[in-house]
Number of protein chains: 6
Amino acid sequence: MSVPSEITLDMMRRTLYAAVVCDALDSLGLVNQSPRVQLVPYSGDGLLVGRCKTTLWADMYHTDPRPYELELAAVDGCRADDVLICAAAGSTHAALWGELLSTAARNAGCVGAIVDGATRDVRTLRSMQFPVFARGTSPYDSLNRQRVIDVEVPVKIGGATFSPGDLVFADVDGVVVVPRAVETETIRAAWAKVHAENRTRDAIRGGMKATEAYARFGVL
Amino acid sequence: MSVPSEITLDMMRRTLYAAVVCDALDSLGLVNQSPRVQLVPYSGDGLLVGRCKTTLWADMYHTDPRPYELELAAVDGCRADDVLICAAAGSTHAALWGELLSTAARNAGCVGAIVDGATRDVRTLRSMQFPVFARGTSPYDSLNRQRVIDVEVPVKIGGATFSPGDLVFADVDGVVVVPRAVETETIRAAWAKVHAENRTRDAIRGGMKATEAYARFGVL
Amino acid sequence: MSVPSEITLDMMRRTLYAAVVCDALDSLGLVNQSPRVQLVPYSGDGLLVGRCKTTLWADMYHTDPRPYELELAAVDGCRADDVLICAAAGSTHAALWGELLSTAARNAGCVGAIVDGATRDVRTLRSMQFPVFARGTSPYDSLNRQRVIDVEVPVKIGGATFSPGDLVFADVDGVVVVPRAVETETIRAAWAKVHAENRTRDAIRGGMKATEAYARFGVL
Amino acid sequence: MSVPSEITLDMMRRTLYAAVVCDALDSLGLVNQSPRVQLVPYSGDGLLVGRCKTTLWADMYHTDPRPYELELAAVDGCRADDVLICAAAGSTHAALWGELLSTAARNAGCVGAIVDGATRDVRTLRSMQFPVFARGTSPYDSLNRQRVIDVEVPVKIGGATFSPGDLVFADVDGVVVVPRAVETETIRAAWAKVHAENRTRDAIRGGMKATEAYARFGVL
Amino acid sequence: MSVPSEITLDMMRRTLYAAVVCDALDSLGLVNQSPRVQLVPYSGDGLLVGRCKTTLWADMYHTDPRPYELELAAVDGCRADDVLICAAAGSTHAALWGELLSTAARNAGCVGAIVDGATRDVRTLRSMQFPVFARGTSPYDSLNRQRVIDVEVPVKIGGATFSPGDLVFADVDGVVVVPRAVETETIRAAWAKVHAENRTRDAIRGGMKATEAYARFGVL
Amino acid sequence: MSVPSEITLDMMRRTLYAAVVCDALDSLGLVNQSPRVQLVPYSGDGLLVGRCKTTLWADMYHTDPRPYELELAAVDGCRADDVLICAAAGSTHAALWGELLSTAARNAGCVGAIVDGATRDVRTLRSMQFPVFARGTSPYDSLNRQRVIDVEVPVKIGGATFSPGDLVFADVDGVVVVPRAVETETIRAAWAKVHAENRTRDAIRGGMKATEAYARFGVL
């Protein structure tokens, strides 16, 4: 089966998943594209696909002279299909994400958030069906505890780099980020892998021993 | 809207949630009222509200000469609306909580348990609809592995102090404890925050940019 | 009530659970039969019962000269009622388990997997209703990241030893392994505990104070 | 023996130590004045005493548009007897401290650094006899990895608050910070404890049983 | 060379070391006799040999109604060659050990302490030459933070069991405990290993390839 | 000052150090060449320089059918100036390194070992002056607990890749590995940095404010 000349985000959402994108990146030699931390899908375990809108967060312990400044600008600055990337080095000093930011971000077109920190308002996020992947939860407001110190810069979560505009996939297996430079190639490889005849897999599903199927077809 | 002259536990259960109580405490300068550990809601993610009945646990490694003594006294000593607070420094050496203690505690009026340690009998707890928040699970019996060494004393979980009789709130976002001395003030502040006109929030829900709404109304 | 002369795996599946087996082992002096790590039931929280088919895994960082060799042999070598035990020292360097291995293993009679490492394809595992208990998830393929280095040898997970052929129980409370030498005795003791008259428990369910019930009947 | 009317920093350096200051704070009800993390004395284990000059650090992953700006201002801004407090939430993403900052800070009067992060140039720091307490070491330059985001604000290390101008003590036992408001009282209490007749201690040193000495004198 | 009919503690101190005792225990099938945690030799890295005097500690958060009671009894109750074993589950909530307890314990004949928790007064301990192995340091007094809840009972540190009267060895490599029942056999095996002709080792020291030496002599 | 046309290992040993090599790699865009774990210099804190001889280790729990096979081959296979790289994923399941391997390795020309695991025989290693950097210590023999599963393959420690033949530097600040392809360029850059006129540094040493020196000379 041939790969379509253009694969839209909606096509990706219906067809791909994090693991197959990770495999496609592996096949291109990019072997470090998934954060090595558990990011829990707190508000639904479907697939999130979009483009990285990055924010860099820091812990703080004093009265913030300009609270919310950069974080509100970041959520308001989202465009259609953006995914907010909140890099906080895993800090759960407070909940940097919640209902209000989700509402504002969605207004601007944002389709979900990946938080290397904590979220709150989990029950509301679920009822909003706004996908948030996070390291944990906290009832603490981020005011005077955490703030955005940079936006639209490359950030790291669990050792993987998220640059503005990169494609990102997240589901219950984990999060995968696709660098711009290899995006077309990666998505086509993932698409092909999903749609290609998979004789090993089919043989095993048909009851053939895995060892024999791998020996016969040469791939898993 | 005015705050009622008395706010009962049942009113709190219908109206409040952990995060808004945490915000009310923040507004009063009490910024360390939620344990800095993840307490998982193993048997339902609704809101638990009640008063702290505290127990302090220790690991042990020998045959307990007086097994269960203090823990049975603690569960039997519960009164209506008590929440058992089991401070075990996060130890998962065994499951210090389970079905039997839940049954006995509920008989005495206890409405849930917060366990800085492990629980077991999770499926039964779910069918009992008895809310237990814990650090983890374990199939090990606590007999000769953990025991209660003190009851009705102040204890700490994740850096937050739980004193006997304190109000406690727990939901999927986390656990929050309200010291006796500020209880009325805190609950009134939380109640007011839930019921007050929230122009920022409404404006954002209505589609206004978050930056603009915050600039106009001055609060989030 | 008397204990049946033979207790089959299916009888165990209908009657027992991890915690009661753990209690039976305690009563025989075997107090270290549950791994001291959290193994999350990623694809359903029912009870898994079977016999250990052990595999020992290691992290690697180079091109595997003989990929999949031992792991395919292990899954193909499963017999009815086997549970794959994947000892990887808790490494989440990649997902060592997933859909394909589950399919092949089930073909051979395997009833579930216990993974001291990561799994992927969680949504598919759920739809397959194939029980997998693991330390976490990862979208990374194990190819060139982890491999099986031994099969059918005793292995350890969280300090507990799993030997080939040992009975293993896993549910939402945790995992318990029963050494061959004490299997009959353990299962009979667990069976007896489930079926025996439990006057303490019944009394507490009936509303008696736990302290009084324990004083009267001498056991919990 | 009477406590002197004024106790200078040099007198403190000759007489006090971290543990006795911690005890004095305990006696005043301030029980959370030592960070709950290990801060290793990398360049000598003598006592460091001075006043807090605070800096707040954040991890970053992009080219710093204004490298070193705030950190150089902070070290140059030190006055006699200042101790640089580098709050980086324990991050060892890079070495935020090293030889050059030590030299510049000492030029300005700084007497040591307490780093909730990593240092480098340890051998040089030792030969300079510049005391640095840190969470670890790293050979990585902090350029484009960490930067100062605030100076002269209250910061937290391991749960303890360090405010600008607070007295701080550090030795091989740990770090203790004395809030301004209780400084005189604390230092006098510590001084008194060091110099007071300690009958319990002397009795035990003289060979009396500890139980008897405590029973007789009522204090340890 | 023959093994002496009696091997005194002083002979052990001059001849043995932790690793060789661990090897002797391995040879007898006791493979879990060293705690799986790092116990740092804070006051000298020589070999400590003695008999276990066990204490079990718990964290606490309220005013202790009977401070020091059991801990003073424990130190006063030491006999010649005892080693205080302080099992606190690794808690560094405070320093449970320090100068005063060391003095009192030494008065009673105690030769060192092994602390699964924190110590303080490290500089004094060094000048006293009293060997203390611990998980960390803290300037906090244990009063109202930790207390002894049991003495002379079996305790666990890092998974290894220390029973009253057991022989214990500690040096910079780690800590090893020898159960009473196998003491004679273990010490004789360790002694023999130290004194026996070691042809493999001598050959390697003499320059023979390790592979060849092992092939020729069959042992390392 | 000009950089010599050839820089030998001995010249590096006299002149360079881990941090300056790390800076040189940074300047070439290689920003991940130091393991993100603490490797403690257990037997001296001088600089270790050599070429990587890699070994990959795995935990095991059964009787090793071919004990020592690959590890003895690895140590015997060392050539002059090799540094044994022992990648064990940080496992301290046993001491994979010790006196005997050090002796055999040194016989073959090996100049030190970097162990992402535990070592033992620390006192002997110190008296041998054989540099060993490790994650921790353990008295446990590695026999039947850990074994080498591959040699002369690329391995990872703390996220950094060590390939056979790569240059490696280790001192008290940490460990840095230089890939073959950029070795000449890196060493020349490090050499130049050490020897070049450093006006910023000299100015600061001379007492100039750091801010002014950086403003004037444009570099740190």
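Atoms considered below: every heavy atom in the structure, side chains included; atoms not considered: hydrogens, waters and symmetry mates. Note that the structure is a prediction, hence the values are computed from the model and not measured. Chain identifiers are assigned alphabetically (A, B, ...) following the order of the sequence lines, protein sequences preceding nucleic acid strands; residue numbering begins at 1 within each chain.
Using a 4.0 Å cut-off between charged nitrogen and carboxylate oxygen, A/R188 and A/E6 do not count as a salt-bridge pair. Salt-bridge annotation for A/D171 and C/R123: present, with a side-chain N of the basic residue lying under 4.0 Å from a carboxylate O of the acidic one. Note on C/R120 versus A/D23: salt bridge recorded, some NZ/NE/NH1/NH2 to OD/OE distance being below 4.0 Å.
Listed for the C/T137 side chain is a donor-acceptor partner under 3.5 Å among the backbone atoms of A/D173. A/T54 places no side-chain N or O within 3.5 Å of a backbone atom of A/I85 that could act as its donor or acceptor partner.
Both the backbone and the side chain of A/D45 come within contact range of chain C, each with at least one heavy atom under 4.5 Å from a heavy atom of that chain. In this structure, the portions of C/D121 lying under 4.5 Å from any heavy atom of chain A include both its backbone and its side chain. Heavy atoms of C/R135 lying under 4.5 Å from chain A are absent altogether. Looking at C/Y140, the atoms closer than 4.5 Å to chain A (heavy atoms on both sides) sit in the backbone and in the side chain alike. At a 4.5 Å heavy-atom cutoff, the contact between A/R36 and chain C is made by side-chain atoms alone. Residue contact with chain C, scored on non-hydrogen atoms closer than 4.5 Å, involves the side chain of A/V176 exclusively. Of the two parts of C/V122, the backbone and the side chain both hold a non-hydrogen atom closer than 4.5 Å to a non-hydrogen atom of chain A. Only the side chain of C/E99 has a heavy atom closer than 4.5 Å to any heavy atom of chain A. Residue A/N198: no heavy atom, backbone or side chain, is found under 4.5 Å from chain C.
Exactly one residue among A/V148, A/I149, A/D116, A/V155 makes a side-chain contact (heavy atoms from CB on, under 4.5 Å) with A/W57. That residue is A/V148.
Looking at every heavy atom in both residues, C/A105 comes nearest to C/L84 through CB-CD2, 4.4 Å.
Among A/A210, A/A18, A/G174, the residue making the largest number of heavy-atom pairs under 4.5 Å with chain C is A/A210. For the set C/E69, C/R106, C/H93, the entry with the most heavy-atom pairs within less than 4.5 Å of chain A is C/H93. No other option in A/V21, A/V31, A/L25, A/T200 has as many heavy-atom pairs under 4.5 Å with chain C as A/V31.
A donor and an acceptor atom, one from each side chain of A/D59 and A/S91, are located under 3.5 Å apart.
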